[in-house]
Peer 1: 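What follows is a structure written as C-alpha coordinates; I'll ask about it next.
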Amino acid sequence: MNWNSEIPLALSYDDVMLVPLRSAIRSRREVDTSTRFTRRLRLSVPLVSANMDTVTESSMSIAMARVGGLGIIHRFLTVEQQSREVARVKRAEALVIEDPHTVRADATFDEARRLMAEHGVSGLVVVDADRRLAGMLTSRDIGMVPDARLVSDAMTPRARLAVGRVDTGGEEALAIMREARVEKLPLVGDDDHLAGLVTMRDLLQHAERPEATTDERGRLAVGAAIGVRGDYLERARALVAAGADVLVLDIAHGHAEHAVQAVGAVREAIGDAVDIVAGNVATSDGARDLCLAGAAAVKVGVGPGSVCTTRIVAGVGVPQLSAVMACARECAAHDVPVIADGGIRYPGDVAKAIAAGAETVMIGGLLAGTPESPGDVVTREGRRVKVFRGMASAPAAEARAHAEDDEFVPTVPEGVETVVPLRDPSSEIVRNLVGGLRSGMSYSNAATIAQMHANATFVRITPAGLQESHPHALGR
Ligand code: XMP
(Lines give C-alpha, C1' and ligand atoms only; values in the text may rest on other atoms or scores of the structure.)
Protein backbone atom coordinates (compact mmCIF):
# COMPACT_ATOMS: atom_id res chain seq x y z
CA MET A 1 0.00 0.00 0.00
CA ASN A 2 1.28 3.42 -0.93
CA TRP A 3 -0.02 5.47 1.99
CA ASN A 4 0.60 8.79 0.31
CA SER A 5 -1.04 8.18 -3.03
CA GLU A 6 -4.50 9.46 -3.73
CA ILE A 7 -7.13 6.82 -4.27
CA PRO A 8 -8.47 7.19 -7.82
CA LEU A 9 -12.16 7.63 -8.43
CA ALA A 10 -13.98 4.97 -10.45
CA LEU A 11 -17.42 5.37 -11.98
CA SER A 12 -20.30 3.16 -12.99
CA TYR A 13 -23.13 3.47 -15.50
CA ASP A 14 -25.37 5.36 -13.07
CA ASP A 15 -22.66 7.97 -12.42
CA VAL A 16 -22.71 9.34 -15.96
CA MET A 17 -24.94 10.44 -18.84
CA LEU A 18 -24.23 10.75 -22.53
CA VAL A 19 -24.34 14.38 -23.66
CA PRO A 20 -26.62 15.09 -26.60
CA LEU A 21 -24.41 16.26 -29.47
CA ARG A 22 -25.10 18.08 -32.73
CA SER A 23 -26.00 15.08 -34.87
CA ALA A 24 -26.17 14.43 -38.58
CA ILE A 25 -28.18 11.24 -37.99
CA ARG A 26 -31.72 11.73 -39.28
CA SER A 27 -33.18 8.38 -38.29
CA ARG A 28 -32.27 5.61 -35.87
CA ARG A 29 -32.52 3.24 -38.79
CA GLU A 30 -29.44 4.91 -40.29
CA VAL A 31 -27.37 3.64 -37.38
CA ASP A 32 -25.17 0.61 -38.07
CA THR A 33 -24.65 -1.50 -34.94
CA SER A 34 -22.31 -4.03 -36.52
CA THR A 35 -19.22 -4.72 -34.50
CA ARG A 36 -16.45 -7.17 -33.60
CA PHE A 37 -16.84 -9.79 -30.91
CA THR A 38 -13.25 -10.87 -31.45
CA ARG A 39 -10.63 -9.82 -33.94
CA ARG A 40 -12.12 -12.22 -36.50
CA LEU A 41 -15.75 -12.71 -35.49
CA ARG A 42 -18.17 -9.97 -36.52
CA LEU A 43 -21.72 -9.47 -35.21
CA SER A 44 -24.45 -7.23 -36.57
CA VAL A 45 -25.76 -6.65 -33.04
CA PRO A 46 -23.29 -6.05 -30.19
CA LEU A 47 -25.01 -8.31 -27.65
CA VAL A 48 -23.84 -11.64 -26.28
CA SER A 49 -25.61 -13.90 -23.78
CA ALA A 50 -23.65 -14.76 -20.65
CA ASN A 51 -22.00 -18.13 -20.11
CA MET A 52 -24.13 -18.89 -17.05
CA ASP A 53 -26.01 -22.15 -16.41
CA THR A 54 -29.33 -20.31 -16.08
CA VAL A 55 -28.76 -18.20 -19.22
CA THR A 56 -27.04 -19.91 -22.13
CA GLU A 57 -27.30 -23.37 -23.61
CA SER A 58 -28.24 -24.23 -27.21
CA SER A 59 -31.72 -22.61 -27.34
CA MET A 60 -30.43 -19.25 -26.17
CA SER A 61 -27.45 -19.49 -28.53
CA ILE A 62 -29.73 -20.22 -31.49
CA ALA A 63 -31.97 -17.27 -30.61
CA MET A 64 -29.02 -14.89 -30.12
CA ALA A 65 -27.29 -15.87 -33.37
CA ARG A 66 -30.54 -15.53 -35.32
CA VAL A 67 -30.91 -11.87 -34.28
CA GLY A 68 -27.27 -11.08 -35.03
CA GLY A 69 -25.73 -11.54 -31.57
CA LEU A 70 -24.03 -14.58 -30.06
CA GLY A 71 -24.52 -17.07 -27.24
CA ILE A 72 -21.68 -18.44 -25.12
CA ILE A 73 -22.53 -21.91 -23.81
CA HIS A 74 -21.55 -22.25 -20.16
CA ARG A 75 -18.94 -24.75 -19.07
CA PHE A 76 -20.63 -26.35 -16.08
CA LEU A 77 -21.53 -29.42 -18.08
CA THR A 78 -19.54 -32.52 -18.88
CA VAL A 79 -17.34 -32.17 -21.96
CA GLU A 80 -19.78 -34.39 -23.86
CA GLN A 81 -22.84 -32.41 -22.79
CA GLN A 82 -21.26 -29.06 -23.65
CA SER A 83 -20.08 -30.36 -27.04
CA ARG A 84 -23.59 -31.65 -27.72
CA GLU A 85 -25.03 -28.20 -26.98
CA VAL A 86 -22.58 -26.67 -29.46
CA ALA A 87 -23.48 -29.29 -32.07
CA ARG A 88 -27.19 -28.55 -31.61
CA VAL A 89 -26.63 -24.92 -32.53
CA LYS A 90 -24.56 -25.88 -35.56
CA ARG A 91 -27.30 -28.23 -36.75
CA ALA A 92 -30.16 -25.75 -36.23
CA GLU A 93 -29.68 -24.07 -39.60
CA ALA A 94 -27.33 -24.61 -42.47
CA LEU A 95 -27.09 -23.87 -46.15
CA VAL A 96 -26.14 -27.49 -46.67
CA ILE A 97 -27.09 -30.29 -44.30
CA GLU A 98 -23.92 -32.32 -44.57
CA ASP A 99 -25.15 -35.44 -42.84
CA PRO A 100 -28.85 -35.72 -43.73
CA HIS A 101 -31.01 -38.45 -42.24
CA THR A 102 -31.21 -41.44 -44.54
CA VAL A 103 -33.13 -44.66 -45.00
CA ARG A 104 -32.62 -47.76 -47.19
CA ALA A 105 -35.03 -48.50 -50.07
CA ASP A 106 -35.83 -51.94 -48.62
CA ALA A 107 -36.70 -50.53 -45.17
CA THR A 108 -40.34 -50.78 -44.20
CA PHE A 109 -42.64 -47.84 -44.62
CA ASP A 110 -43.36 -47.85 -40.88
CA GLU A 111 -39.66 -47.67 -40.13
CA ALA A 112 -39.35 -44.57 -42.37
CA ARG A 113 -42.30 -42.93 -40.67
CA ARG A 114 -40.77 -43.65 -37.28
CA LEU A 115 -37.41 -42.16 -38.35
CA MET A 116 -39.08 -38.98 -39.60
CA ALA A 117 -40.95 -38.53 -36.33
CA GLU A 118 -37.89 -39.32 -34.25
CA HIS A 119 -35.66 -36.79 -36.04
CA GLY A 120 -38.42 -34.25 -36.57
CA VAL A 121 -37.82 -34.08 -40.33
CA SER A 122 -40.23 -34.08 -43.26
CA GLY A 123 -38.06 -36.08 -45.62
CA LEU A 124 -35.47 -38.83 -45.76
CA VAL A 125 -32.82 -39.40 -48.40
CA VAL A 126 -32.91 -42.98 -49.66
CA VAL A 127 -29.48 -44.54 -50.10
CA ASP A 128 -28.07 -47.96 -51.01
CA ALA A 129 -25.61 -49.95 -48.91
CA ASP A 130 -22.71 -47.80 -50.23
CA ARG A 131 -24.51 -44.52 -49.45
CA ARG A 132 -25.21 -43.88 -53.12
CA LEU A 133 -28.33 -41.86 -53.80
CA ALA A 134 -31.32 -44.10 -54.52
CA GLY A 135 -34.27 -41.72 -54.07
CA MET A 136 -36.13 -39.34 -51.75
CA LEU A 137 -39.03 -40.01 -49.45
CA THR A 138 -40.98 -37.00 -48.16
CA SER A 139 -44.04 -36.71 -45.97
CA ARG A 140 -45.90 -35.76 -49.16
CA ASP A 141 -45.06 -39.17 -50.68
CA ILE A 142 -46.27 -40.84 -47.50
CA GLY A 143 -49.62 -39.10 -47.83
CA MET A 144 -49.90 -40.13 -51.49
CA VAL A 145 -49.17 -43.83 -50.99
CA PRO A 146 -50.50 -44.63 -47.52
CA ASP A 147 -50.66 -48.37 -48.05
CA ALA A 148 -47.04 -48.76 -49.21
CA ARG A 149 -45.15 -51.53 -47.47
CA LEU A 150 -41.58 -50.62 -48.32
CA VAL A 151 -39.82 -47.29 -48.79
CA SER A 152 -39.23 -48.21 -52.45
CA ASP A 153 -43.02 -48.38 -53.03
CA ALA A 154 -43.48 -44.66 -52.32
CA MET A 155 -40.16 -42.89 -52.85
CA THR A 156 -39.28 -40.72 -55.82
CA PRO A 157 -36.59 -42.85 -57.48
CA ARG A 158 -33.16 -41.52 -58.41
CA ALA A 159 -34.04 -41.26 -62.12
CA ARG A 160 -36.85 -38.79 -61.46
CA LEU A 161 -35.03 -36.72 -58.79
CA ALA A 162 -33.74 -33.18 -59.09
CA VAL A 163 -30.14 -33.44 -57.86
CA GLY A 164 -27.31 -30.98 -57.26
CA ARG A 165 -23.56 -31.51 -57.23
CA VAL A 166 -21.50 -31.28 -54.05
CA ASP A 167 -20.34 -27.77 -55.08
CA THR A 168 -23.75 -26.42 -56.13
CA GLY A 169 -24.10 -22.93 -54.62
CA GLY A 170 -27.15 -21.49 -52.83
CA GLU A 171 -28.60 -19.53 -55.76
CA GLU A 172 -28.20 -22.38 -58.20
CA ALA A 173 -29.78 -24.82 -55.73
CA LEU A 174 -32.75 -22.49 -55.34
CA ALA A 175 -33.15 -22.26 -59.13
CA ILE A 176 -33.06 -26.06 -59.51
CA MET A 177 -35.64 -26.55 -56.75
CA ARG A 178 -37.98 -23.90 -58.22
CA GLU A 179 -37.69 -25.42 -61.68
CA ALA A 180 -38.44 -28.92 -60.36
CA ARG A 181 -41.02 -27.63 -57.86
CA VAL A 182 -39.42 -29.50 -54.97
CA GLU A 183 -38.43 -28.33 -51.49
CA LYS A 184 -35.44 -30.58 -50.95
CA LEU A 185 -32.38 -31.07 -53.12
CA PRO A 186 -29.94 -33.91 -52.46
CA LEU A 187 -26.33 -33.23 -53.44
CA VAL A 188 -24.04 -35.92 -54.78
CA GLY A 189 -20.32 -36.26 -55.23
CA ASP A 190 -18.33 -38.75 -57.29
CA ASP A 191 -20.06 -42.05 -58.05
CA ASP A 192 -23.39 -40.58 -56.98
CA HIS A 193 -22.43 -40.77 -53.32
CA LEU A 194 -24.67 -38.67 -51.10
CA ALA A 195 -22.82 -35.45 -50.18
CA GLY A 196 -25.54 -33.38 -48.52
CA LEU A 197 -29.03 -31.98 -48.69
CA VAL A 198 -30.27 -28.45 -49.32
CA THR A 199 -33.75 -27.38 -48.27
CA MET A 200 -35.79 -24.50 -49.64
CA ARG A 201 -36.71 -23.48 -46.09
CA ASP A 202 -33.09 -23.07 -44.98
CA LEU A 203 -32.16 -21.10 -48.09
CA LEU A 204 -35.11 -18.72 -47.78
CA GLN A 205 -34.53 -18.26 -44.04
CA HIS A 206 -30.91 -17.44 -44.71
CA ALA A 207 -31.82 -14.87 -47.35
CA GLU A 208 -34.47 -13.30 -45.12
CA ARG A 209 -32.14 -12.87 -42.18
CA PRO A 210 -28.89 -11.35 -43.43
CA GLU A 211 -28.19 -10.06 -39.91
CA ALA A 212 -27.91 -13.58 -38.42
CA THR A 213 -24.46 -14.55 -37.16
CA THR A 214 -23.36 -17.47 -39.29
CA ASP A 215 -20.18 -19.28 -40.24
CA GLU A 216 -18.97 -19.65 -43.81
CA ARG A 217 -21.25 -22.67 -44.28
CA GLY A 218 -24.37 -20.77 -43.27
CA ARG A 219 -24.59 -22.47 -39.86
CA LEU A 220 -25.40 -20.32 -36.84
CA ALA A 221 -22.32 -19.22 -34.91
CA VAL A 222 -21.83 -20.17 -31.27
CA GLY A 223 -19.24 -19.65 -28.55
CA ALA A 224 -18.34 -21.92 -25.66
CA ALA A 225 -16.74 -21.20 -22.32
CA ILE A 226 -13.82 -23.09 -20.80
CA GLY A 227 -11.93 -22.78 -17.51
CA VAL A 228 -8.21 -22.92 -16.83
CA ARG A 229 -7.85 -26.15 -14.89
CA GLY A 230 -8.58 -29.86 -14.96
CA ASP A 231 -9.87 -31.04 -18.32
CA TYR A 232 -9.84 -27.58 -19.93
CA LEU A 233 -7.54 -28.46 -22.84
CA GLU A 234 -9.45 -31.63 -23.65
CA ARG A 235 -12.65 -29.58 -23.40
CA ALA A 236 -11.25 -26.91 -25.73
CA ARG A 237 -10.36 -29.50 -28.36
CA ALA A 238 -13.76 -31.22 -28.09
CA LEU A 239 -15.66 -27.92 -28.41
CA VAL A 240 -13.72 -26.90 -31.50
CA ALA A 241 -14.33 -30.36 -32.99
CA ALA A 242 -18.06 -29.92 -32.28
CA GLY A 243 -18.01 -26.69 -34.28
CA ALA A 244 -17.58 -23.86 -31.72
CA ASP A 245 -16.72 -20.63 -33.52
CA VAL A 246 -14.99 -19.05 -30.54
CA LEU A 247 -13.77 -20.16 -27.11
CA VAL A 248 -14.19 -17.97 -24.05
CA LEU A 249 -11.61 -18.63 -21.37
CA ASP A 250 -13.60 -17.37 -18.47
CA ILE A 251 -12.59 -17.23 -14.83
CA ALA A 252 -13.44 -14.82 -12.06
CA HIS A 253 -9.90 -13.42 -11.82
CA GLY A 254 -8.66 -13.40 -15.40
CA HIS A 255 -5.49 -11.60 -14.32
CA ALA A 256 -4.32 -14.55 -12.22
CA GLU A 257 -1.01 -15.73 -13.68
CA HIS A 258 -2.32 -19.22 -14.39
CA ALA A 259 -5.22 -17.67 -16.35
CA VAL A 260 -2.88 -15.55 -18.49
CA GLN A 261 -0.70 -18.60 -19.17
CA ALA A 262 -3.74 -20.69 -20.05
CA VAL A 263 -4.42 -18.50 -23.12
CA GLY A 264 -1.19 -19.73 -24.73
CA ALA A 265 -1.82 -23.32 -23.65
CA VAL A 266 -5.27 -23.32 -25.26
CA ARG A 267 -3.89 -21.74 -28.42
CA GLU A 268 -1.32 -24.53 -28.61
CA ALA A 269 -4.01 -27.17 -28.04
CA ILE A 270 -6.47 -25.96 -30.69
CA GLY A 271 -4.25 -24.28 -33.28
CA ASP A 272 -5.35 -21.11 -35.03
CA ALA A 273 -8.79 -22.28 -36.13
CA VAL A 274 -10.88 -20.21 -33.71
CA ASP A 275 -10.31 -17.07 -31.68
CA ILE A 276 -9.84 -17.19 -27.91
CA VAL A 277 -11.51 -14.63 -25.66
CA ALA A 278 -10.05 -14.20 -22.18
CA GLY A 279 -11.27 -12.62 -18.95
CA ASN A 280 -12.50 -11.35 -16.67
CA VAL A 281 -10.34 -8.35 -15.87
CA ALA A 282 -11.05 -4.80 -14.74
CA THR A 283 -7.73 -2.99 -15.15
CA SER A 284 -5.53 -1.85 -18.01
CA ASP A 285 -2.70 -4.07 -16.70
CA GLY A 286 -4.99 -7.09 -16.81
CA ALA A 287 -6.17 -6.22 -20.31
CA ARG A 288 -2.61 -5.73 -21.54
CA ASP A 289 -1.41 -9.06 -20.17
CA LEU A 290 -4.27 -10.92 -21.83
CA CYS A 291 -3.67 -9.14 -25.14
CA LEU A 292 0.02 -10.01 -25.00
CA ALA A 293 -0.87 -13.62 -24.18
CA GLY A 294 -2.83 -13.80 -27.44
CA ALA A 295 -6.44 -13.08 -26.47
CA ALA A 296 -8.54 -12.05 -29.50
CA ALA A 297 -10.96 -10.18 -27.22
CA VAL A 298 -10.88 -9.23 -23.55
CA LYS A 299 -13.88 -9.65 -21.27
CA VAL A 300 -14.17 -6.91 -18.68
CA GLY A 301 -16.12 -6.97 -15.43
CA VAL A 302 -15.22 -7.84 -11.86
CA GLY A 303 -18.28 -7.69 -9.67
CA PRO A 304 -20.87 -5.65 -11.64
CA GLY A 305 -23.17 -8.62 -12.40
CA SER A 306 -26.74 -8.65 -11.15
CA VAL A 307 -26.23 -11.77 -9.01
CA CYS A 308 -22.60 -11.14 -8.04
CA THR A 309 -21.45 -10.52 -4.51
CA THR A 310 -17.70 -10.44 -5.16
CA ARG A 311 -17.51 -6.77 -4.22
CA ILE A 312 -19.32 -7.35 -0.96
CA VAL A 313 -17.67 -10.65 -0.03
CA ALA A 314 -14.10 -9.98 -1.19
CA GLY A 315 -14.19 -6.20 -1.27
CA VAL A 316 -12.82 -6.43 -4.82
CA GLY A 317 -13.92 -4.90 -8.11
CA VAL A 318 -13.87 -1.77 -10.23
CA PRO A 319 -17.06 0.09 -11.08
CA GLN A 320 -17.87 -1.04 -14.56
CA LEU A 321 -17.77 2.15 -16.62
CA SER A 322 -14.24 2.98 -15.47
CA ALA A 323 -13.15 -0.65 -15.87
CA VAL A 324 -14.40 -0.72 -19.47
CA MET A 325 -12.76 2.63 -20.28
CA ALA A 326 -9.40 1.62 -18.84
CA CYS A 327 -9.39 -1.75 -20.62
CA ALA A 328 -10.68 -0.33 -23.92
CA ARG A 329 -7.89 2.27 -23.98
CA GLU A 330 -5.30 -0.47 -23.47
CA CYS A 331 -6.90 -2.95 -25.88
CA ALA A 332 -7.16 -0.35 -28.65
CA ALA A 333 -3.36 -0.26 -28.73
CA HIS A 334 -3.40 -4.01 -29.48
CA ASP A 335 -6.40 -3.82 -31.85
CA VAL A 336 -8.30 -6.19 -29.55
CA PRO A 337 -12.05 -5.64 -28.88
CA VAL A 338 -13.47 -5.35 -25.38
CA ILE A 339 -16.58 -7.13 -24.10
CA ALA A 340 -18.34 -5.25 -21.27
CA ASP A 341 -19.62 -8.09 -19.08
CA GLY A 342 -22.29 -7.55 -16.43
CA GLY A 343 -24.24 -4.78 -14.78
CA ILE A 344 -26.60 -3.94 -17.66
CA ARG A 345 -30.02 -3.03 -16.22
CA TYR A 346 -31.40 -0.65 -18.85
CA PRO A 347 -30.99 -0.17 -22.60
CA GLY A 348 -29.17 3.10 -21.82
CA ASP A 349 -26.47 1.09 -20.02
CA VAL A 350 -25.68 -0.68 -23.32
CA ALA A 351 -25.23 2.71 -25.00
CA LYS A 352 -22.96 3.85 -22.16
CA ALA A 353 -20.89 0.62 -22.27
CA ILE A 354 -20.33 1.00 -26.01
CA ALA A 355 -19.58 4.73 -25.60
CA ALA A 356 -16.98 3.75 -22.97
CA GLY A 357 -15.13 1.74 -25.61
CA ALA A 358 -16.65 -1.75 -25.53
CA GLU A 359 -17.39 -3.38 -28.88
CA THR A 360 -19.90 -5.84 -27.43
CA VAL A 361 -21.87 -6.20 -24.21
CA MET A 362 -22.53 -9.44 -22.32
CA ILE A 363 -25.95 -9.85 -20.75
CA GLY A 364 -26.94 -12.26 -17.98
CA GLY A 365 -29.86 -11.19 -15.79
CA LEU A 366 -31.90 -9.47 -18.48
CA LEU A 367 -32.00 -12.69 -20.52
CA ALA A 368 -32.82 -14.96 -17.56
CA GLY A 369 -36.46 -16.01 -17.40
CA THR A 370 -36.91 -15.93 -21.18
CA PRO A 371 -38.30 -19.03 -22.92
CA GLU A 372 -34.79 -19.73 -24.27
CA SER A 373 -32.97 -19.72 -20.91
CA PRO A 374 -32.24 -23.17 -19.40
CA GLY A 375 -34.23 -24.41 -16.43
CA ASP A 376 -37.79 -25.30 -15.64
CA VAL A 377 -40.62 -22.91 -14.99
CA VAL A 378 -41.61 -23.16 -11.31
CA THR A 379 -44.37 -21.54 -9.29
CA ARG A 380 -43.30 -19.51 -6.26
CA GLU A 381 -45.89 -17.64 -4.22
CA GLY A 382 -48.35 -17.96 -7.06
CA ARG A 383 -45.98 -16.52 -9.68
CA ARG A 384 -44.48 -18.42 -12.59
CA VAL A 385 -40.72 -17.92 -12.41
CA LYS A 386 -37.37 -19.37 -13.44
CA VAL A 387 -34.28 -19.71 -11.28
CA PHE A 388 -31.36 -17.36 -12.03
CA ARG A 389 -28.12 -17.68 -10.12
CA GLY A 390 -24.55 -16.46 -9.97
CA MET A 391 -22.04 -19.05 -11.08
CA ALA A 392 -20.21 -18.59 -7.78
CA SER A 393 -23.38 -18.84 -5.68
CA ALA A 394 -23.74 -21.66 -3.16
CA PRO A 395 -26.52 -23.50 -5.10
CA ALA A 396 -24.54 -23.33 -8.37
CA ALA A 397 -21.43 -24.61 -6.62
CA GLU A 398 -23.41 -27.41 -4.99
CA ALA A 399 -24.94 -28.45 -8.30
CA ARG A 400 -21.50 -29.17 -9.67
CA ALA A 401 -19.90 -30.45 -6.49
CA HIS A 402 -18.90 -33.55 -8.48
CA ALA A 403 -16.69 -31.45 -10.78
CA GLU A 404 -13.18 -31.73 -9.48
CA ASP A 405 -10.76 -28.85 -9.40
CA ASP A 406 -13.31 -26.18 -10.11
CA GLU A 407 -11.88 -22.72 -9.53
CA PHE A 408 -15.41 -21.29 -9.58
CA VAL A 409 -16.23 -23.04 -6.30
CA PRO A 410 -14.92 -20.41 -3.90
CA THR A 411 -14.47 -21.00 -0.19
CA VAL A 412 -17.34 -18.60 0.39
CA PRO A 413 -20.03 -17.90 -2.19
CA GLU A 414 -19.52 -14.81 -4.37
CA GLY A 415 -22.93 -14.86 -5.94
CA VAL A 416 -26.58 -15.34 -5.08
CA GLU A 417 -29.54 -17.28 -6.41
CA THR A 418 -32.86 -15.66 -7.15
CA VAL A 419 -35.95 -16.21 -9.26
CA VAL A 420 -37.07 -14.03 -12.14
CA PRO A 421 -40.55 -13.75 -13.63
CA LEU A 422 -41.14 -15.32 -17.04
CA ARG A 423 -40.09 -12.84 -19.67
CA ASP A 424 -40.64 -12.14 -23.35
CA PRO A 425 -38.62 -14.14 -25.88
CA SER A 426 -34.98 -13.09 -25.91
CA SER A 427 -35.39 -11.66 -29.44
CA GLU A 428 -37.74 -9.05 -27.89
CA ILE A 429 -35.29 -8.23 -25.09
CA VAL A 430 -32.53 -7.82 -27.67
CA ARG A 431 -34.77 -5.64 -29.85
CA ASN A 432 -35.40 -3.38 -26.88
CA LEU A 433 -31.74 -3.11 -25.94
CA VAL A 434 -30.68 -2.45 -29.54
CA GLY A 435 -33.41 0.18 -29.85
CA GLY A 436 -31.91 2.02 -26.87
CA LEU A 437 -28.43 1.70 -28.31
CA ARG A 438 -29.53 3.08 -31.70
CA SER A 439 -31.14 6.00 -29.95
CA GLY A 440 -28.07 6.66 -27.80
CA MET A 441 -25.90 6.52 -30.92
CA SER A 442 -28.08 9.00 -32.81
CA TYR A 443 -27.93 11.49 -29.89
CA SER A 444 -24.13 11.02 -29.94
CA ASN A 445 -23.80 11.71 -33.69
CA ALA A 446 -22.56 8.17 -34.22
CA ALA A 447 -23.60 6.22 -37.33
CA THR A 448 -21.26 3.35 -36.41
CA ILE A 449 -19.80 1.77 -33.29
CA ALA A 450 -16.40 3.25 -34.19
CA GLN A 451 -17.96 6.72 -34.35
CA MET A 452 -19.63 6.07 -30.99
CA HIS A 453 -16.19 5.35 -29.53
CA ALA A 454 -14.80 8.53 -31.06
CA ASN A 455 -17.69 10.97 -30.52
CA ALA A 456 -19.61 10.02 -27.39
CA THR A 457 -19.16 12.42 -24.50
CA PHE A 458 -20.05 11.75 -20.86
CA VAL A 459 -20.95 14.07 -18.01
CA ARG A 460 -20.77 12.97 -14.41
CA ILE A 461 -24.00 13.34 -12.51
CA THR A 462 -25.01 13.59 -8.86
CA PRO A 463 -27.61 11.54 -6.94
CA ALA A 464 -30.05 14.39 -7.70
CA GLY A 465 -29.31 13.98 -11.41
CA LEU A 466 -29.89 10.24 -11.18
CA GLN A 467 -33.18 10.76 -9.40
CA GLU A 468 -34.22 13.25 -12.06
CA SER A 469 -33.36 10.69 -14.76
CA HIS A 470 -35.84 8.06 -13.61
CA PRO A 471 -39.58 8.63 -14.05
CA HIS A 472 -40.73 10.65 -11.03
CA ALA A 473 -44.14 12.01 -11.87
CA LEU A 474 -45.81 8.88 -10.52
CA GLY A 475 -47.40 9.06 -7.09
CA ARG A 476 -47.56 12.86 -6.96
P1 XMP B 1 -25.65 -9.43 -15.42
O2 XMP B 1 -25.60 -8.15 -14.65
O3 XMP B 1 -25.94 -9.19 -16.87
O4 XMP B 1 -24.14 -10.01 -15.33
O5 XMP B 1 -26.54 -10.44 -14.79
C6 XMP B 1 -23.75 -11.24 -15.88
C7 XMP B 1 -22.31 -11.53 -15.50
O8 XMP B 1 -22.15 -11.71 -14.10
C9 XMP B 1 -20.95 -12.45 -13.83
N10 XMP B 1 -21.24 -13.50 -12.84
C11 XMP B 1 -20.80 -13.51 -11.58
N12 XMP B 1 -19.98 -12.66 -10.89
N13 XMP B 1 -20.24 -13.95 -8.92
C14 XMP B 1 -19.69 -12.89 -9.56
O15 XMP B 1 -18.95 -12.12 -8.95
C16 XMP B 1 -21.08 -14.85 -9.53
O17 XMP B 1 -21.59 -15.79 -8.91
C18 XMP B 1 -21.36 -14.62 -10.92
N19 XMP B 1 -22.12 -15.28 -11.84
C20 XMP B 1 -22.01 -14.57 -13.00
C21 XMP B 1 -20.50 -13.02 -15.16
O22 XMP B 1 -19.41 -12.24 -15.59
C23 XMP B 1 -21.74 -12.81 -16.03
O24 XMP B 1 -21.44 -12.76 -17.41
Side-chain angles (χ1 to χ4, degrees), residues 12-14 45 47-64 66-67 69 71-77 81 85 88 225 301 303-313 320 341-350 353 361-401 408-410 412-437 466-467 469-476:
S12 201
Y13 297 131
D14 266 358
V45 158
L47 297 176
V48 181
S49 65
N51 43 288
M52 299 171 73
D53 68 355
T54 47
V55 179
T56 310
E57 288 178 357
S58 52
S59 303
M60 180 64 78
S61 297
I62 290 168
M64 291 300 292
R66 281 187 175 149
V67 294
I72 311 296
I73 292 175
H74 71 91
R75 62 187 171 90
F76 302 107
L77 296 165
Q81 287 167 332
E85 291 299 307
R88 277 203 183 124
S306 57
V307 278
C308 303
T309 54
T310 297
R311 293 184 186 170
I312 308 305
V313 170
Q320 184 69 343
D341 175 18
I344 300 295
R345 296 147 311 152
Y346 307 105
D349 293 343
V350 174
V361 177
M362 181 171 263
I363 310 278
L366 291 184
L367 289 168
T370 58
E372 296 85 4
S373 69
D376 295 328
V377 177
V378 292
T379 304
R380 295 263 170 97
E381 292 164 10
R383 291 189 316 152
R384 290 175 32 88
V385 295
K386 270 188 171 183
V387 168
F388 172 49
R389 62 190 184 194
M391 293 318 309
S393 64
E398 237 167 69
R400 51 178 192 269
F408 231 118
V409 181
V412 286
E414 290 185 18
V416 291
E417 178 177 279
T418 183
V419 291
V420 290
L422 292 192
R423 294 224 174 89
D424 286 342
S426 43
S427 57
E428 267 306 295
I429 311 265
V430 167
R431 205 176 61 80
N432 210 18
L433 293 174
V434 174
L437 172 64
L466 181 62
Q467 199 183 3
S469 306
H470 285 268
H472 49 266
L474 312 171
R476 272 208 182 140

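Numbering of residues begins at 1 and proceeds along the displayed sequence.
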Peer 1: Rounded to the nearest 0.5 Å, what separation is found between the CG atom of L433 and the CD1 atom of I344?
Peer 2: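 Separation between the atoms: 8.0 Å.
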Peer 1: Between the side chains of E414 and T310, is a donor N or O closer than 3.5 angstrom to an acceptor N or O?
Peer 2: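 Note: E414 and T310 side chains meet the donor-acceptor criterion.
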Peer 1: Do you know which of R345, Q320, H470 makes side-chain hydrogen bond (donor to acceptor under 3.5 Å, both in side chains) with D14?
Peer 2: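 Of all the options given, the one that passes is R345.
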Peer 1: Does some side-chain heavy atom of N51 sit less than 4.5 Å from a side-chain heavy atom of R75?
Peer 2: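 They are not in side-chain contact.
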Peer 1: Taking all heavy atoms of P374 and all of T54, pick out the closest pair and write down the distance.
Peer 2: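 Nearest pair, atom of P374 first, then T54: CD-C, 3.6 Å.
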Peer 1: Please find the pair of heavy atoms, one from A396 and one from G390, that lie closest to each other, and give the distance.
Peer 2: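 Here A396 and G390 meet closest at CB-O, 3.4 Å.
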Peer 1: Mind running side chain to side chain contact (heavy atoms under 4.5 Å, CB included) on F388 and S373 for me, showing each step along the way?
Peer 2: CA-CA 9 Å; F388 172 49; S373 69; over 6 Å; no
Peer 1: Within this structure, what is the CD-OG distance for the pair E372 and S58, rounded to the nearest 0.5 Å?
Peer 2: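 The OG atom of S58 is 11.0 Å from CD of E372, to the nearest 0.5 Å.
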Peer 1: Look up atom CG in D53 and atom CE in M391, then write down how far apart they are to the nearest 0.5 Å.
Peer 2: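 Interatomic distance, D53 CG to M391 CE, rounded to 0.5 Å: 3.5 Å.
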Peer 1: Please determine whether side chain to side chain contact (heavy atoms under 4.5 Å, CB included) holds for the pair M60 and S426, giving the CA-CA distance in whole Å, both sets of side-chain angles, and the decisive distance to 0.1 Å.
Peer 2: CA-CA 8 Å; M60 180 64 78; S426 43; 3.9 Å; yes
Peer 1: Of the options V361, V430, V67, which is the one that meets V45 in a side-chain contact (heavy atoms from CB on, under 4.5 Å)?
Peer 2: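 When V361, V430, V67 are each tested with V45, the side-chain contact (heavy atoms from CB on, under 4.5 Å) holds only for V430.
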Peer 1: What are the two closest heavy atoms between V419 and R380, and how far apart are they?
Peer 2: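 Looks like CG1-NH1, 3.3 Å.
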Peer 1: If every non-hydrogen atom of G365 is compared with every non-hydrogen atom of S306, which pair is closest and at what distance?
Peer 2: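 Taking every non-hydrogen atom into account, CA-OG, 3.8 Å.
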Peer 1: Which atoms form the tightest heavy-atom contact between E417 and P395, and what is the distance?
Peer 2: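 Reported closest heavy-atom pair: OE1-CB, 3.1 Å.
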Peer 1: Between R389 and V307, is the side chain to side chain contact (heavy atoms under 4.5 Å, CB included) condition met? List the steps.
Peer 2: CA-CA 6 Å; R389 62 190 184 194; V307 278; 5.9 Å; no
Peer 1: Using side-chain contact (heavy atoms from CB on, under 4.5 Å) as the criterion, point out the one residue from I72, I363, L367, T56 that pairs with V48.
Peer 2: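 Result: among I72, I363, L367, T56, I72 is the only option passing the side-chain contact (heavy atoms from CB on, under 4.5 Å) with V48.
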Peer 1: Could you pull out the closest heavy-atom pair between Y13 and D349, with the gap in Å?
Peer 2: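 Closest pair (atom of Y13, atom of D349, distance): CB-OD1, 3.6 Å.
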Peer 1: Side chain of K386, backbone of A368: donor and acceptor closer than 3.5 Å?
Peer 2: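 No: the side chain of K386 does not pair with the backbone of A368.
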Peer 1: Going by salt bridge (charged side-chain N to carboxylate O under 4.0 Å, His left out), name the residues that satisfy it together with R88, two or more places apart in sequence or in a different chain.
Peer 2: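 Partners of R88 under the salt bridge (charged side-chain N to carboxylate O under 4.0 Å, His left out) test: E85.
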Peer 1: Could you grab the distance from atom OG of S49 to atom CG of L366, nearest 0.5 Å is fine?
Peer 2: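 If I round to the nearest 0.5 Å, the distance is 12.0 Å.
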Peer 1: Under a 4.5 Å cut-off applied to non-hydrogen side-chain atoms, are P413 and T309 in contact?
Peer 2: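 Counting from C-beta outward, P413 and T309 never come under 4.5 Å.
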